[in-house]
Amino acid sequence: MRYSLWNDRIVLDEEVIIDRQDRGYQFGDGIYEVIKVYDGEVFTLSEHLDRFYRSAEKIKLVIPYSKDKLIRLLRDLVQKNNLATGHIYLQITRGISPRQHHFPENSKPVLVANVQVNPRPLANFENGVKATMVEDIRWLRCDIKTLNLLGPVLAKQEAYENGCYEAILHRDGVVTEGASSNVHGILDGVLYTHPVNNLILNGITRNVMLACANEIGLTVKEHAFTLEQLKDMTEVIVTSTTSEITPVIEIDGHIVGTGKPGEWTRKLQKQFNATIAAVVRV
Ligand code: PMP
């Protein structure tokens with residue numbers, strides 16, 4: 001039996017009904033989060049929910065449940081599904097109404113969450129992945145974790161067709177982030193990462209990774225860099241909830257550093273593992 005969260009009730013998956021007039025379906029009018037679960041423990045849940053409420057506020061959607069209530073419900077959902085390692089997918093839309101662009105007067109938000117078994121991609125952590133550069137054609141509010149994912153979908157498809165794991169997005173040659181990750185480069189003991197603004201999603205993993213950098217004595221500079229500068233870095237990594245700290249060893253045929261995950265990357269991964277272990281007591 002698999003269970004989902006539907007508004008504030010945990011129900012069997014098949015009991016969830018999505019209305020075709022749901023604004024999430026018709027307009028992508030909603031927001032979401034992906035939250036990692038390690039050994040049955042939800043990682044950085046509070047941070048993800050804070051971002052969930054922030055995204056909601058930015059699109060003027062009022063989440064009808066308190067953070068405490070959502071924490072309880074999501075933990076129950078993980079338990080009820082007996083999830084060990086995987087993730088929670090959580091979304092909320094503006095609700096159900098006959099199709100019209102402006103907000104409906106009386107619609108109630110619709111919240112759905114489910115879990116997915118998803119082992120950690122250890123081979124990627126160990127060996128690194130390839131990436132390709134793609135123009136960032138998304139809108140100018142990438143700080144909102146919107147359900148509208150056509151930009152990233154098209155970029156990922158290009159990456160997929162090129163045999164790459166991730167698309168590194170750029171605006172006029174300046175790297176913003178990955179299609180579904182944050183992008184960072186390391187050169188001469190300094191980690192460079194795009195500053196948090198409207199052009200990127202403020203990644204939860206990015207923030208955990210920056211704390212790890214501080215702990216291991218790696219200097220952090222929140223400065224944007226160009227594609228050319230990124231290619232000259234000795235180490236490149238992408239971070240996300242599911243990709244954690246994944247080394248990039250090749251960008252469009254260009255070999256990054258030695259072509260193998262670098263020493264700082266290894267140290268960051270080790271510190272990240274220690275952070276997970278401290279939080280989830282694995
Ligand atoms: N940027 C984008 C565009 C993303 O989709 C994601 C993944 N949700 C991230 C960054 C990384 O965010 P997080 O570490 O919170 O998963």
Side-chain angles (χ1 to χ4, degrees), residues 28 32-34 36 85-87 89 116-139 142-143 145-187 191-194 199-206 208-210 223-266 268-269 272:
Y32 77 106
E33 282 293 326
V34 176
K36 189 79 195 175
T85 294
H87 64 255
Y89 176 82
Q116 197 177 311
V117 176
N118 189 7
R120 301 174 72 192
L122 299 175
N124 288 349
F125 301 163
E126 189 53 33
N127 305 323
V129 297
K130 294 179 185 174
T132 185
M133 295 168 174
V134 177
E135 194 186 339
D136 192 344
I137 59 162
R138 300 172 304 163
W139 70 335
C142 300
D143 53 313
K145 205 158 166 58
T146 164
L147 293 177
N148 285 275
L149 290 175
L150 259 183
V153 163
L154 293 176
K156 277 278 197 215
Q157 178 61 19
E158 211 172 311
Y160 177 73
E161 285 170 9
N162 289 335
C164 292
Y165 178 78
E166 182 58 304
I168 295 178
L169 305 180
H170 66 94
R171 288 188 196 267
D172 288 331
V174 176
V175 175
T176 49
E177 59 181 339
S180 64
S181 63
N182 292 111
V183 177
H184 326 270
I186 303 173
L187 183 66
L191 181 141
Y192 296 88
T193 189
H194 196 286
L199 298 181
I200 69 161
L201 184 76
N202 187 356
I204 307 298
T205 319
R206 174 188 185 276
V208 175
M209 190 270 303
L210 293 184
H223 292 174
F225 42 82
T226 64
L227 290 171
E228 291 314 310
Q229 286 169 326
L230 185 66
K231 280 186 171 170
D232 285 339
M233 307 267 184
T234 46
E235 300 178 47
V236 172
I237 54 182
V238 291
T239 58
S240 82
T241 295
T242 48
S243 298
E244 300 185 17
I245 296 179
T246 294
V248 175
I249 51 161
E250 203 180 304
I251 304 172
D252 288 328
H254 166 88
I255 303 295
V256 176
T258 60
K260 291 207 168 98
E263 270 180 41
W264 282 114
T265 303
R266 289 290 181 231
L268 282 171
Q269 289 175 324
F272 192 82

Review point. If every non-hydrogen atom of Thr176 is compared with every non-hydrogen atom of Leu199, which pair is closest and at what distance?
Key: CB-O, 4.0 Å

Point to revise | Side-chain donor or acceptor of Glu158 paired with backbone N/O of Ala167 under 3.5 Å | key: no

Exercise for review: Could you tell me whether the side chain of Val248 reaches within less than 4.5 Å of the side chain of Glu166, counting heavy atoms only?
Suggested key: no

Exercise for review: Supply the atom-to-atom distance Leu227 CG to Asp232 CG, rounded to the nearest 0.5 angstrom.
Suggested key: 11.5 Å

Practice item. For residues Lys231 and Met133, determine if any side-chain heavy atom of one lies less than 4.5 Å from a side-chain heavy atom of the other. Key: yes

**Study point:** Considering all heavy atoms, the nearest Gln229-Phe225 contact
**Key:** OE1-CA, 3.3 Å

Check your understanding: Is the side chain of Glu235 donor-acceptor paired with the backbone N or O of Trp264 at a distance under 3.5 Å, no angle test?
Key -> yes

Point to revise | Nearest atoms (heavy-atom pairs only) where Gly128 meets Pro261 | key: N-CG, 4.1 Å

Exercise for review: Would you indicate whether the side-chain heavy atoms of Ile255 and Glu250 approach each other to under 4.5 Å?
Suggested key: yes

Point to revise | Side-chain touch Arg138/Leu169, heavy atoms, less than 4.5 angstrom | key: yes

Practice item. Working to the nearest 0.5 Å, report the span between CG of Asn124 and CD1 of Ile249. Key: 9.5 Å

Practice item. Rounded to the nearest 0.5 Å, what's the gap from SG on Cys142 to NE2 on His194? Could you check? Key: 9.5 Å

Exercise for review: First locate atom CD of Glu177, then atom NE2 of His184, and finally report the distance between them rounded to the nearest 0.5 Å.
Suggested key: 9.5 Å

Revision key, fill the gap. The reported gap from SG in Cys164 to CD1 in Ile251 (rounded to nearest 0.5 angstrom) is 9.5 Å

Review point. Crowded around Glu263 CD? As in, over 12 foreign heavy atoms under 6.0 Å?
Key: no

Study note, to complete from the structure: Exactly one candidate in Ile168, Val238, Ile237 meets side-chain contact (heavy atoms from CB on, under 4.5 Å) with Ser181; the answer is Val238

Exercise for review: Start with the C-alpha gap between Lys36 and Thr85, add the side-chain angles, then the distance that decides, and say whether side chain to side chain contact (heavy atoms under 4.5 Å, CB included) holds.
Suggested key: CA-CA 8 Å; Lys36 189 79 195 175; Thr85 294; 4.3 Å; yes

Point to revise | Main-chain N/O of Glu126 paired with Arg266 side-chain donor or acceptor, under 3.5 Å | key: yes

Exercise for review: Check Gly28 against Asn148 and note the closest heavy-atom contact, atom names and distance.
Suggested key: O-ND2, 2.9 Å

Exercise for review: Evaluate the criterion side chain to side chain contact (heavy atoms under 4.5 Å, CB included) for residue pair Glu33 and Lys145; output intermediate values, then yes/no.
Suggested key: CA-CA 7 Å; Glu33 282 293 326; Lys145 205 158 166 58; 3.6 Å; yes

Exercise for review: Report yes if some heavy atom in the side chain of Ile186 is under 4.5 Å from a heavy atom in the side chain of Leu268; otherwise report no.
Suggested key: yes

Check your understanding: Hey, is the main chain of Phe125 close enough, under 3.5 Å, to the side chain of Gln269 for a donor-acceptor pair?
Key -> yes

Practice item. Compare all side-chain heavy atoms of Thr205 with those of Asn182 and state whether any distance is below 4.5 angstrom. Key: no

Point to revise | Evaluation steps, side chain to side chain contact (heavy atoms under 4.5 Å, CB included), between His170 and Leu230 | key: CA-CA 11 Å; His170 66 94; Leu230 185 66; over 6 Å; no

Practice item. Please examine the side chains of Ile200 and Arg206, heavy atoms only from C-beta on, and report whether any two atoms are closer than 4.5 Å. Key: yes

Point to revise | From CG (Leu191) to CE (Met209), nearest 0.5 Å | key: 5.0 Å

Check your understanding: Where is the tightest heavy-atom contact between Tyr32 and Thr146, given as atom of each residue plus distance?
Key -> CE2-O, 3.3 Å

**Study point:** Ser180 to Lys156 - nearest heavy-atom pair and separation
**Key:** OG-NZ, 2.9 Å

Exercise for review: Please examine the side chains of Asp143 and Asn202, heavy atoms only from C-beta on, and report whether any two atoms are closer than 4.5 Å.
Suggested key: no

